[in-house]
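Working notes, structure below.
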Amino acid sequence: MTEPSKITSQNVPDHQPAAGGIAARARASVGPKYLSGLNPEQREAVETLDGPVLVLAGAGTGKTRVLTTRIAHILSQGRARPAEILSVTFTNKAAREMKHRLGQMLGHAVEGMPWLGTFHSIGGRILRFHAELAQLKSNFTVLDVDDQVRLLKQLLQAENIDDKRWPARMLAGLIDGWKNRGLMPSQVPSGEAAVFANGKGGKLYASYQERLKILNAADFGDLLLENIRIFREHPDILRQYQQRFKYILVDEYQDTNVAQYLWLRLLSQAPSQPALPVAAAPDAIDDPSRDAALAAQALAPAAARLKNICCVGDDDQSIYGWRGAEVDNILRFEHDFPGAKVIRLERNYRSTGHILAAASHLIAHNEGRLGKTLRTEDQDGEKVTVTGSWDSEEEARGIGEEIEQLQRQGEKLNEIAILVRASYQMREFEDRFVTLGLPYRVIGGPRFYERAEIRDALAYLRVINSPADDLAFERIVNTPKRGLGDATVQMLHDHARKRRIPLFEAARAVVETDELKPKARGSLRDLVAQFDRWRAQREVTAHTDLAQIVLDESGYTEMWQKDRSADAAGRLENLKELVRSMEEFENLQGFLEHISLVMDREGGAEDDAVSLMTLHSAKGLEFDNVFLPGWEEGLFPSQRTLDEQGRAGLEEERRLGHVGLTRARRRAKIYFATNRRIHGTWSTTIPSRFLDELPAANVEITESKGGSAWGGTGGYGASRFDDMEAFGSSYSTPGWQRAQANRNRGGGRSGGGRGGFEEEATTFSTSSSSGPDFGSFSSRRRGPLTIEGELVAKSTGTTSEFSLEDRVFHQKFGYGRVTKIDGNKLTIAFDKAGEKKVVDSFVQRA
DNA sequence: TCGAGGTCTCTTTTT
DNA sequence: GAGACCTCGA
């Protein structure tokens, strides 16, 4: 961690050449080694060092390379020292990648890039230096969503608000949204504040902020919002940072929200400016639009001198609108930063011709774009494939087989990725891969520190570090069980509130009284004594040892050792990993500061394994082979996005598809299933409209390879596409056309009022009572099954046609005997393959 | 106070 | 189908 004093220290290097001097230009024209290999646009983006620059970098055009080379260029030209460059990314992954590449380019110089990180980690860092200006101590805790929700729940209870009707999670979302837009409680438009709990929303936001201060805690949004407040209220501090950061680089600019925009905007003004007039924000803004919000934020006039800010982004890859990102920020860059130079990178170095054409064609359906035309000099390669499957299980099976085939052809599993829209899609693949023995890793997923055992362990450490952290104390006061239940905690709360002290101090006081039953009193006293001891030990014990001691002495480790459940061993392993990971930090404080912001799960990258992740977390990655399952209406594009965001949501979904396709270097394989299990029940789905938007010339329809389980040659997949030779602007099977017709008629039928497709997926879903009997179903098995609802029902509620002990045959597992029936799911003891659970439609009577 | 067992809801994406 | 939440009996 850099010391606070370093912020103002300005040890300017003594060899700083004049900006743009002849010598510098001469050097540049010959070009240092790191510039070689850049194309002209990239080179321009690297070498245009003065003034605002917007680099519109399409997928695979060398965005990260430009950013890192630009930093290298600034450093080697002596324009700034490493600590004078502010370089922000959105994800830790991106920050790490940049550090890594810089390290390769520059050797040891990365050590000194203290201001390369995510918006939140840098905001958090700045906030720690000035914590007292936000009524916090520098060891404040960063709350995650879980803590946030628990805290809000308490507030709702205190206000006697029914948290069934007004869920804490919803309020958390609202507050987060306000913070993303840079709004303090007093600035929330009154109309918006009123939507929650009959007008209490604004008040709750205010009291939530108050509680945070008392708890010595900040949430993610605060990390930037408090920065902005401090910058506004203390122009001298702002000026320090403006002076310090000679160059600002922003990655993924299209994903910035209003708060991030304001933050950047403040920092990017030239330091010589006299202190900005700090306009008092009005108490309420009635128009929630961006312009009004920004106007009320009293931005410096557009003519303010701006310094060297370089934003890199791609409007076609803006996929975080739901999180408050404003594509508008990038669309308006030239307006916001007058005199900005805009450089387009359109030469794609990643994908083959067909893939790029498919992606470009798809994204061309969006209206709000700056417009770029990606081109490649690569060969056309293989066409993008579209494969229909009967259901999501067949889809997983088919993909599994294709992967095995690729593996046989010598493809590395590391070069294979499956990108899903929603994380619940992953399970089916995991199940399949476990069956196949195919190594895979899930990227993203629940973060390491979000696991219960990690959060528990952290809670112990948080209480040691920050005794006012009531949320942490509450979490572990009865974990492991100490006989301190709700009643005791409630009592502590009353005490704490009355005397305005933290829960921990309340506990200390209460054990001196006889308000508690002897048993509870005894264990609470022990707990308080333990924490006192651990805090004392902290001074003399290494933090990793301390953590181990705490886990052991508290009985937490023992709790899991005694646990007989299957995942207990894994949890103990995670705890060990946690202690190990602490070694990277100097002390407990430093560890806790970073854990919530910087720690994400890595590991296993050396092993050859298939990557499984959401489309969102795939951004910035690339693979030779990309599988894109689940291209169905409702799932992708997501119904919820459509409902909530309408047309803008649809465009964002389309961008997500564009992101997915452009991850692929050589093969992109799209899938859709006709039936998908959602919440445990089967629903019928129709293919995604995005499939229609792919250019016929670059796409090939293939047959599902997993369809063999249907018996008969060719299986279902072949028949599905029998009539599809002419793949054009629409499919030609009767079912597809019917679906299209259904989609198009009845606009305005639903409350959403946007087109008629909103209810499509549910319209087709089959209730258990209307399911066909399997006799008629199997008789149709070879016919051209369509996607009409009445033909495809296969719901869990249907009683199976099989009986216990029936002898059955399964295409893949061979012969077996039914041992258990649960709806349409059979447990079958196969003669060769052992016991498996299968859906009854996949087996036949032997 | 605790655990078992039942009911209910919810499922997008993440710093 | 899982996980959160609630109720009830010990």
Side-chain angles (χ1 to χ4, degrees), chain A residues 88-95 117-124 142-146 148-150 153 163-164 167-170 172-173 176 179-180 218-224 252 255-257 259-260 318-325 419-428 431 443-447 449-450 452 478-490 516-517 519-520 523 594 596-600 613-619 630 634-645 649 652-653 655-656 659-660 676-683 796 822-823 825 837:
Chain A
V88 277
T89 64
F90 271 82
T91 63
N92 293 306
K93 202 163 61 184
T118 63
F119 275 101
H120 290 91
S121 66
I122 290 175
V142 178
L143 297 189
D144 58 31
V145 183
D146 223 68
Q148 246 183 78
V149 170
R150 277 193 300 146
K153 232 174 229 169
D163 76 345
K164 277 262 161 53
R169 202 160 276 282
M170 176 182 170
D176 197 49
K179 288 185 175 179
N180 283 340
D219 63 18
F220 279 113
D222 284 341
L223 298 179
L224 287 168
E252 309 279 18
D255 287 336
T256 48
N257 58 37
Q260 287 157 338
S318 162
I319 54 175
Y320 285 109
W322 52 275
R323 213 171 75 191
L419 311 182
V420 296
R421 176 63 183 84
S423 44
Y424 68 77
Q425 289 172 262
M426 291 187 187
R427 245 202 47 200
E428 219 134 15
D431 288 352
I443 300 194
R447 247 159 290 290
Y449 64 82
E450 279 170 5
N478 201 29
T479 311
K481 299 270 179 280
R482 299 188 173 88
L484 302 171
D486 289 348
T488 310
V489 172
Q490 197 49 53
L516 283 174
K517 296 210 179 81
K519 210 172 146 201
S523 47
H594 277 89
S596 51
L597 290 176
V598 179
M599 187 145 167
D600 46 20
M613 69 189 94
T614 64
L615 285 162
H616 282 87
S617 45
K619 193 163 74 159
L635 174 59
F636 185 54
S638 145
Q639 191 58 58
R640 188 158 156 189
T641 304
L642 261 34
D643 290 345
E644 288 170 7
Q645 326 267 345
E652 182 154 312
E653 294 286 298
R655 290 194 289 268
L656 208 42
V659 167
R676 186 167 294 276
R677 189 167 37 194
I678 303 169
H679 323 180
T681 40
W682 287 97
S683 303
T796 42
D822 177 16
K825 281 178 305 238
K837 261 192 180 173

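Residue numbers begin at 1 in each chain, while the letters A, B, ... track the order of the sequences. On a predicted model such as this, the values are computed, not experimentally measured, just so you know.
- Backbone-only engagement by A:K481 is indicated by non-hydrogen atom pairs under 4.0 Å involving sugar-phosphate atoms exclusively.
- Under the side-chain contact (heavy atoms from CB on, under 4.5 Å) criterion, A:D176 pairs with A:N180, sequence neighbours left out.
- For the pair A:L484 CG and B:dC2 C1', the computed distance is 13 Å after rounding to whole Å.
- Nearest to the side chain of A:H120, among C:dG1, B:dT15, B:dT12, sits B:dT15.
- Counting any heavy atom pair closer than 4.0 Å across all strands shown, A:A520 reaches no nucleic acid atom.
- One interatomic measurement links the two molecules: OH of A:Y424 to C1' of B:dC10, which rounds to 11 Å at whole-angstrom precision.
- Going from atom NZ of A:K153 over to atom P of C:dC6 covers 8 Å, rounded to whole Å.
- With the nearest nucleotide of DNA chain B identified for both A:N478 and A:F90, A:N478 has the one nearer the 5' end.
- We find that CG of A:D144 is positioned 15 Å from P of B:dT14, with the value rounded to whole Å.
- B:dT15 atom C1' lies 9 Å from atom CG of A:D176, rounded to whole Å.
- Looking only at side-chain heavy atoms (C-beta outward), A:F119 and A:E252 stay at 4.5 Å or farther from each other.
- Rounding to whole angstrom units, CH2 of residue A:W322 and C1' of B:dT12 are separated by 7 Å.
- Two residues, A:T614 and A:R482, neighbour DNA chain B, and the one matched to the more 5' nucleotide by heavy-atom proximity is A:R482.
- Distance A:D146 CG to B:dT15 P: 15 Å, rounded to the nearest Å.
- In this structure the side chain of A:R421 reaches within 4.5 angstrom of the side chain of A:T641, judged on heavy atoms.
- Under the 4.5 Å side-chain criterion, counting only non-hydrogen atoms from C-beta, A:T91 is not in contact with A:K619.
- The nearest whole Å value for the distance from the CH2 atom in A:W682 to the P atom in C:dG1 is 11 Å.
- In this model, a side-chain donor or acceptor of A:T641 finds a partner on the base of B:dT12 within 3.5 Å.
- Distances from the side chain of A:R640 to the nucleotides B:dT15, C:dA2, B:dT12 place B:dT12 closest.
- The structure places OG1 of A:T614 at 5.5 Å from CE of A:M426, a figure rounded to the nearest 0.5 Å.
- Listed nucleotides: B:dT15, B:dT12, B:dT1. Nearest to the side chain of A:R421: B:dT12.
- Residue A:S121 is classed as having no contact, given no heavy-atom separation below 4.0 Å to the nucleic acid.
- At a threshold of 4.0 angstrom between heavy atoms, the contacts of A:F119 with the nucleic acid are absent.
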